[in-house]
Peer 1: 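First, the structure itself, so that you have it in front of you.
As the structure is a prediction and not an experimental result, all values here were calculated from the model. Naming convention: chains lettered A, B, ... in sequence-line order (proteins, then strands); numbering from 1 in each chain.
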There are 2 protein chains.
Amino acid sequence: MTNEQRSYNQYCPLARTLDILGARWTLLIVRELLSGPKRFKDLQEALVGIGTNLLSTRLKEMESNDLVFKSKLPPPGVAAVYELTEHGRKLDETLLSMMRWGIPLLEKAKKANEHVRPHWLLYGMLSTFNPSLAQGISETYEFNVGGEVFHMRIHEGQVTGDMSKGHNPDLIWVSDSEHFMALAFGLTTPQKAFEDGAVKTGNVEMIERMLRIFDPVQC
Amino acid sequence: MTNEQRSYNQYCPLARTLDILGARWTLLIVRELLSGPKRFKDLQEALVGIGTNLLSTRLKEMESNDLVFKSKLPPPGVAAVYELTEHGRKLDETLLSMMRWGIPLLEKAKKANEHVRPHWLLYGMLSTFNPSLAQGISETYEFNVGGEVFHMRIHEGQVTGDMSKGHNPDLIWVSDSEHFMALAFGLTTPQKAFEDGAVKTGNVEMIERMLRIFDPVQC
DNA sequence: CGGCATCCATTTTGATACTG
DNA sequence: CAGTATCAAAATGGATGCCG
């Protein structure tokens, strides 16, 4: 058959987790599926370099490990999609933790020829959410970065976010990835971003508050 | 030379993290070093199957990625040891999160010929710490499992733990791995464990409280 | 075209032998 | 003990072919 599933063979919660998640690409597939069901093609395009055969193999492994399942979207657009199971969705806490650790590695600079997708950055920002600074705030932010729409809603000290429009967002941000990163990493000021027209709805104070609640620079 | 460092080449906090941690064995090495500096031999013995060449390669990669550094223990016992850097120690949150996800995978049953080290289980337990149930409790538990000594100290809603004896522990538990797991997974009762003599210091109520604060069954 | 399966060159890993 | 050297086996990347 395909994979002999090389196991660490250790009775340890970490080792058992790595037996399932440790193979190359697996966690990046989970990352992609965190923002909703995706077609084979979508995954292939987001995961530059994976090769169709390996993607296919991984998805099957993940299916048999109860991380994803295959379903069909209802019309219009009847397409087979891959979706996270409930078990798989429970990995969000772990992935956010890994993202938080990885943010300083971005070093405020994108290497030449490195790939970027706006939702990677938006998830990174989400991972820096600071509940204690969000107490008493109830706001919705909508980001349109490089054409990808994402929103975050802060309510009762918690945040939720996904790739969709927000309901009556208090802040609407529109820019490309570069300008978004510049703001997130403090390379530009909210005032300048506002003057540049990146803010379609909302004001400078709102961006400043948002940046306090999500602060990658502190990571 | 040796390693061409296969990178995902993505400007994403998760991908950058996986570029550093994604290789086989790396996270298990971090796990071992979380409980203090270790010699090459100690690591090799804990990581059954790694092969000395690969362990050597990994440690060098981890050194150049600022995860570990090599140091010498002071006399007596002047030995070269590997130690986590501060950067490396920041991975504890992520590893605990992965352990928490992995606990249900243990399924209350150890497979035949699977390896176990008591500190793996103790870290697993540590990962299930529930701060809200620890409010107002100030206690120290000492575990001697299969000859390995570990302690956890609960204070001001937080827990700390490592592989050493506790200071004036309120509870002292002594058993082998099997009996410890049976307690942790609810396959035996605190009362029975007490009658079996696993509790050297402390009483049944203390075990019950401890099991509420650390509850793998809830994971 | 979406969703794979096959083939093959290149890397990575595992196992063992060997050295300071 | 602390590694290095060597080599076979497995996993991966990339191209290509197939089939509804």
Side-chain angles (χ1 to χ4, degrees), chain A residues 1-10 15 18-29 32-33 37-64 68-73 75-83 113 115, chain B residues 1-10 15 18-29 32-33 37-64 68-73 75-83 113 115:
Chain A
M1 277 282 284
T2 45
N3 258 346
E4 184 47 38
Q5 279 284 37
R6 192 134 60 175
S7 167
Y8 287 115
N9 203 37
Q10 297 184 353
L18 291 172
D19 280 345
I20 288 181
L21 303 176
R24 196 165 162 77
W25 298 109
T26 303
L27 280 177
L28 294 187
I29 295 173
E32 291 305 310
L33 296 181
K38 297 280 179 298
R39 290 179 309 172
F40 192 90
K41 185 92 180 306
D42 299 328
L43 294 172
Q44 194 194 342
E45 281 172 3
L47 307 173
V48 182
I50 192 177
T52 55
N53 55 346
L54 193 46
L55 177 54
S56 175
T57 301
R58 283 289 174 276
L59 286 168
K60 274 175 199 153
E61 289 168 7
M62 293 171 77
E63 239 181 295
S64 71
V68 307
F69 64 99
K70 224 168 157 174
S71 67
K72 286 194 189 303
L73 283 185
V78 190
V81 290
Y82 295 88
E83 196 166 344
N113 90 350
H115 310 281
Chain B
M1 277 285 283
T2 45
N3 256 347
E4 183 48 35
Q5 280 284 41
R6 191 134 60 176
S7 166
Y8 287 115
N9 202 36
Q10 297 184 353
L18 291 172
D19 280 345
I20 288 181
L21 302 176
R24 194 165 164 80
W25 297 109
T26 302
L27 281 177
L28 294 188
I29 295 173
E32 290 305 311
L33 295 180
K38 296 280 180 296
R39 290 181 307 171
F40 191 91
K41 184 91 180 307
D42 299 328
L43 294 172
Q44 194 194 343
E45 280 173 5
L47 307 173
V48 182
I50 192 177
T52 54
N53 57 344
L54 192 47
L55 177 53
S56 176
T57 303
R58 283 287 175 276
L59 286 168
K60 274 174 200 155
E61 290 167 7
M62 292 171 78
E63 238 180 297
S64 70
V68 306
F69 65 99
K70 222 169 156 173
S71 67
K72 287 195 189 301
L73 283 186
V78 191
V81 291
Y82 294 89
E83 196 165 344
N113 90 350
H115 310 282

Peer 1: Considering only NZ, NE, NH1 and NH2 on the basic side and carboxylate oxygens on the acidic side, decide whether A:Arg58 and A:Glu61 come within less than 4.0 Å.
Peer 2: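 Salt bridge between A:Arg58 and A:Glu61, a charged N being under 4.0 Å from a carboxylate O: yes.
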Peer 1: Give A:Gly51 one of three labels, base, sugar-phosphate or nothing, depending on what nucleic acid heavy atoms sit under 4.0 Å from its own.
Peer 2: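 Since no nucleic acid heavy atom lies under 4.0 Å of A:Gly51, the category is nothing.
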Peer 1: Could you please name the option among D:dG3, C:dC4, D:dA11 that lies closest to any side-chain atom of A:Arg6?
Peer 2: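 Looking only at heavy atoms from C-beta outward on A:Arg6, the closest nucleotide is D:dA11.
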Peer 1: Quick check on DNA chain D: between B:Gln44 and A:Gly49, whose nearest nucleotide comes earlier from the 5' end?
Peer 2: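 Closest to the 5' end, via its nearest nucleotide, is B:Gln44.
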Peer 1: Would you tell me if any nitrogen or oxygen in the side chain of B:Trp25 comes within less than 4.0 Å of OP1 or OP2 on C:dT12?
Peer 2: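 B:Trp25 to C:dT12 OP1/OP2: no side-chain N or O under 4.0 Å.
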Peer 1: Quick one: label A:Ser56 by what it contacts on the DNA or RNA (base, sugar-phosphate, nothing), any heavy atom closer than 4.0 Å.
Peer 2: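 If one applies the 4.0 Å heavy-atom cut-off, A:Ser56 turns out to touch the sugar-phosphate alone, with no base involved.
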Peer 1: With side-chain contact (heavy atoms from CB on, under 4.5 Å) as the criterion, how do A:Gln10 and B:Leu47 come out once you've worked through the C-alpha distance, each side chain's angles and the decisive distance to 0.1 Å?
Peer 2: CA-CA 9 Å; A:Gln10 297 184 353; B:Leu47 307 173; 4.3 Å; yes
Peer 1: Is B:Tyr8 near enough to D:dT12 that one of its side-chain N or O atoms lies under 4.0 angstrom from OP1 or OP2?
Peer 2: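 B:Tyr8 to D:dT12 OP1/OP2: no side-chain N or O under 4.0 Å.
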Peer 1: Find which nucleotide of DNA chain C each of A:Val81 and A:Asn53 is nearest to by heavy atoms, and output the residue with the more 5' nucleotide.
Peer 2: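 It is A:Val81 whose nearest nucleotide is closer to the 5' end.
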Peer 1: Please determine whether a side-chain nitrogen or oxygen atom of B:Arg24 lies at a distance below 4.0 Å from atom OP1 or OP2 of D:dA10.
Peer 2: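 No, outside the criterion.
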Peer 1: Taking only side-chain nitrogens and oxygens of A:Lys70, does any of them come within less than 4.0 Å of OP1 or OP2 of C:dG2?
Peer 2: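 False: A:Lys70 side-chain N/O out of range (4.0 Å or more) of C:dG2 OP1/OP2.
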Peer 1: Under 4.0 Å: is that the gap between some side-chain N or O of B:Lys60 and OP1 or OP2 of D:dT4?
Peer 2: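 It does, given that an N or O in the side chain of B:Lys60 lies less than 4.0 Å from OP1 or OP2 of D:dT4.
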Peer 1: Do the side-chain N or O atoms of B:Arg39 get closer than 4.0 angstrom to the phosphate oxygens (OP1, OP2) of D:dG3?
Peer 2: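 Checking B:Arg39 against D:dG3: no side-chain N or O falls below 4.0 Å of OP1 or OP2.
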Peer 1: I want to verify a distance call: between C:dT12, C:dA5, D:dG3, whose nearest atom is closest to the A:Thr52 side chain?
Peer 2: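 That would be C:dA5.
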Peer 1: Given the rule in the side-chain contact (heavy atoms from CB on, under 4.5 Å) test, do B:Tyr82 and B:Lys38 qualify, once you have shown the distances and angles that lead to the verdict?
Peer 2: CA-CA 5 Å; B:Tyr82 294 89; B:Lys38 296 280 180 296; 5.8 Å; no
